[in-house]
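Worksheet: the structure to be examined is printed underneath.
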Amino acid sequence: MDNINKRFVYFICFVSAMGGLLFGYDWVVIGGAKPFYELYFGIADSPSAQGLAMTIALIGCMIGAMLCGSLADRIGRRKLLIVSALIFLVSAIATGAFNSFTPFLVARFFGGIGIGVASGLSPMYIAEVSPSAIRGRLVSLNQMTIVFGILGAQVTNWLIADPIATGASPDDILASWNGQMSWRWMFWAAAVPSVFFLLLAFFIPESPRWLALRGKDQEAMKTLTNIGGEEYARRELASVKTANDAYAARGGIGLLFSGKFNKILVLGVFIAVFQQWCGTNVIFNYAQEIFQSAGYEIGDVLFNIVVTGIANVVFTIIAIYTVDRLGRRMLMLIGAGGLCAIYLTLGVCYYFSVTGFFMIVLVVAAIACYAMTLGPCTWVLISELFPNKVRAVAVATCTFALWVGSSTLTFTFPLLNTSLGSYGTFWIYSAVCAGGFLFFYRLLPETKGKSLEELESLGNDK
């Protein structure tokens, strides 16, 4: 039995997962700031400008995800975590500082690059330092920090914004604290965790699997010994080196697309895109529109958004304790099937103009279902499915696909909502979830309890 140093393991995983915290905050904070910066920049009547403001960070996410793989292989996981922390810090300060729309967009774009890097890098690092018996729980820790970041953004937005009087005109809101300053402080608040992330990142070790890939066996052995003792370190290092030697000397993107990993790459990309196309994340980005369609005023909307954030945190914590027990496959099936039923019901309620508390219950149920299944399991799966030599570029590829899915979801929701109504939009998401359920039932293997090296046979088409 290995003597896992859980205090050390949880510390380094928590520090890495702070990238997820900032990812969650920066991704969602714009939803609360949206009603105010749109008035400030004069884009309240320009759907194209509104869409650009909401999606520019997602474009940055795609670029950050593309850069993540090659940079993580070139400079190492730890150094890239430090770089992403710097990006978050600068972006948080700059986004709230500008008085014109174009520089605001530039700052949001660079913030998106930070999100794209952190979204792939943090779970990858955690998977590479985690003992297999608790890897699912530890990678899910990244998802927990994401939802804490989401909740932090929602609570921050709610606390910073002054109450809005019923019937307040756009001119009144623009002239108020909300219209002039509150949206700035919503973005600036991210600077605090960014500083902590930046400082703590200097106190974690480099990934032992990256070190082994670079031939730095002594450094890898030292980190593995700190994790689980000498016997654990010798066994893990031998397993890693055997797996590395099983493939050609070349690694990275050339090996990933050589044909050896076609099936597992398709599976990883599908999992990543489905996590977005299942539709739950539009609730965070377009919560204002969804709750207003359910009959709520803007002041109530901000409170309801906080309620969804609390549900997100609670059920993500539940996921941490079930992902290594029930397994990834079972949770993905529960998530896809559950959301299919919830969205079908939600669409029916919108069709018959149901309003009030029951609509909040359905929205919270959707978030709860997502938070304990598809949300964390996606990051666990894409971080553990691929061999060491291609893991960085494979995770980056899947993360890039995830952000393409997120961008298309975010961009198409207003169009679908306008042309089909809320009921039609959620029925489409229900159909997507039904398709995902069938795909997972037929093609998704179980990965719990296996070492990263044992899982490599899943992706070998030889």
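- Within 6.0 Å of atom CZ in Phe101, more than 12 heavy atoms from other residues, nucleotides or ligands are found, so the atom counts as buried in its surroundings.
- Within a 6.0 Å radius of CZ in Arg74, other residues, nucleotides and ligands contribute 12 heavy atoms or fewer.
- Closest non-hydrogen pair, Asn226 versus Asn5, comes out as O-CB, 3.3 Å.
- Taking all atoms of both residues into account, the shortest heavy-atom contact from Leu105 to Ala53 is CD2-CA, 3.8 Å.
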As a quick check of understanding, evaluate side-chain contact (heavy atoms from CB on, under 4.5 Å) for Thr156 and Val29, giving each step before the final call. CA-CA 8 Å; Thr156 299; Val29 67; over 6 Å; no

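- Using modelled atom types, one side-chain atom of Arg328 and one backbone atom of Val323 make a donor-acceptor pair closer than 3.5 Å.
- Results of the side chain to side chain contact (heavy atoms under 4.5 Å, CB included) test with Met332 over Thr373, Leu381, Val380 single out Leu381 as the only residue that passes.
- Ser140 and Trp379 share no side-chain donor-acceptor pair at under 3.5 Å.
- The backbone N or O of Ser130 lies less than 3.5 Å from no partner atom in the side chain of Arg135, so there is not a single donor-acceptor pair.
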Residue pair Tyr37, Trp185: steps toward the ring pair (Phe, Tyr, Trp, His ring centres under 6.0 Å) verdict: CA-CA 12 Å; Tyr37 73 71; Trp185 283 101; over 10 Å; no

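- Within the 3.5 Å criterion, the main-chain N or O of Tyr125 finds no donor-acceptor partner in the side chain of Arg77.
- Residues Pro208 and Val129 meet the side-chain proximity criterion, which asks for heavy atoms closer than 4.5 Å.
- Annotation for Tyr40 and Asn99: closest pair OH-OD1, 3.1 Å, computed over non-hydrogen atoms.
- Taking the six-membered ring for Trp and the full ring otherwise, the centers of Phe439 and Trp277 sit at least 6.0 Å from each other.
- When all heavy atoms of Ile93 and Trp188 are compared, the closest pair comes out as O-NE1, 2.9 Å.
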Walk me through whether Phe315 and Ile367 qualify under side-chain contact (heavy atoms from CB on, under 4.5 Å). CA-CA 8 Å; Phe315 284 90; Ile367 290 173; over 6 Å; no

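- Side-chain atoms of Thr95 do not come within 3.5 Å of backbone N or O of Ala92 as any donor-acceptor pair.
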Phe41/Trp183 under ring pair (Phe, Tyr, Trp, His ring centres under 6.0 Å): CA gap, chis, key distance, verdict: CA-CA 12 Å; Phe41 292 123; Trp183 62 271; 5.4 Å; yes

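- Using cut-offs of 30° and 60° on the angle between ring planes, the pair Phe187 and Phe104 is perpendicular.
- Ring planes of Tyr351 and Tyr423: perpendicular class, angle over 60° (limits at 30 and 60°).
- Side chain of Gln50 to backbone of Ile43: a donor-acceptor contact under 3.5 angstrom is found.
- With Thr280 contributing its side chain and Tyr370 its backbone, the two residues share no donor-acceptor pair below 3.5 Å.
- Closest heavy-atom contact between Asp26 and Ile115: OD2-CD1, 3.5 Å.
- At most 12 non-hydrogen atoms from other residues, nucleotides or ligands lie less than 6.0 angstrom from CZ of Phe110.
- In terms of modelled atom types and a separation under 3.5 Å, the side chain of Ser16 and the main chain of Ser122 share a donor-acceptor contact.
- Note: Phe426 and Tyr343 have tilted aromatic rings, judged against thresholds of 30 and 60 degrees for the angle between ring planes.
- For the 3.5 Å distance criterion, the side chains of Asp172 and Ser169 qualify, holding a donor opposite an acceptor.
- Side-chain contact check for Leu402 versus Gln276: some heavy-atom pair is nearer than 4.5 Å.
- Side chain of Thr378 to backbone of Gly375: no donor-acceptor contact under 3.5 angstrom is found.
- Of all the heavy atoms in Phe197 and Ala85, the pair that sits closest is CD2-CB, 3.4 Å.
- Classification of the Phe270-Phe440 ring pair by plane angle, with boundaries at 30° and 60°, yields perpendicular.
- Side-chain atoms of Arg78 do not come within 3.5 Å of backbone N or O of Glu206 as any donor-acceptor pair.
- Between atom CG of residue Leu21 and atom CD1 of residue Ile146 there is a gap of 9.5 Å, rounded to the nearest 0.5 Å.
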Test log, rule side-chain contact (heavy atoms from CB on, under 4.5 Å), inputs Ser182 and Asp162: CA-CA 8 Å; Ser182 71; Asp162 282 342; over 6 Å; no

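- Surrounding CE of Met330 are at most 12 heavy atoms belonging to other residues, nucleotides or ligands under 6.0 Å away.
- Around atom CZ of Phe11, more than 12 heavy atoms belonging to other residues, nucleotides or ligands sit under 6.0 Å away.
- Side chain of Arg209 to backbone of Glu128: a donor-acceptor contact under 3.5 angstrom is found.
- To the nearest 0.5 Å, atom CG of residue Asp73 and atom CG of residue Leu213 are 6.5 Å apart.
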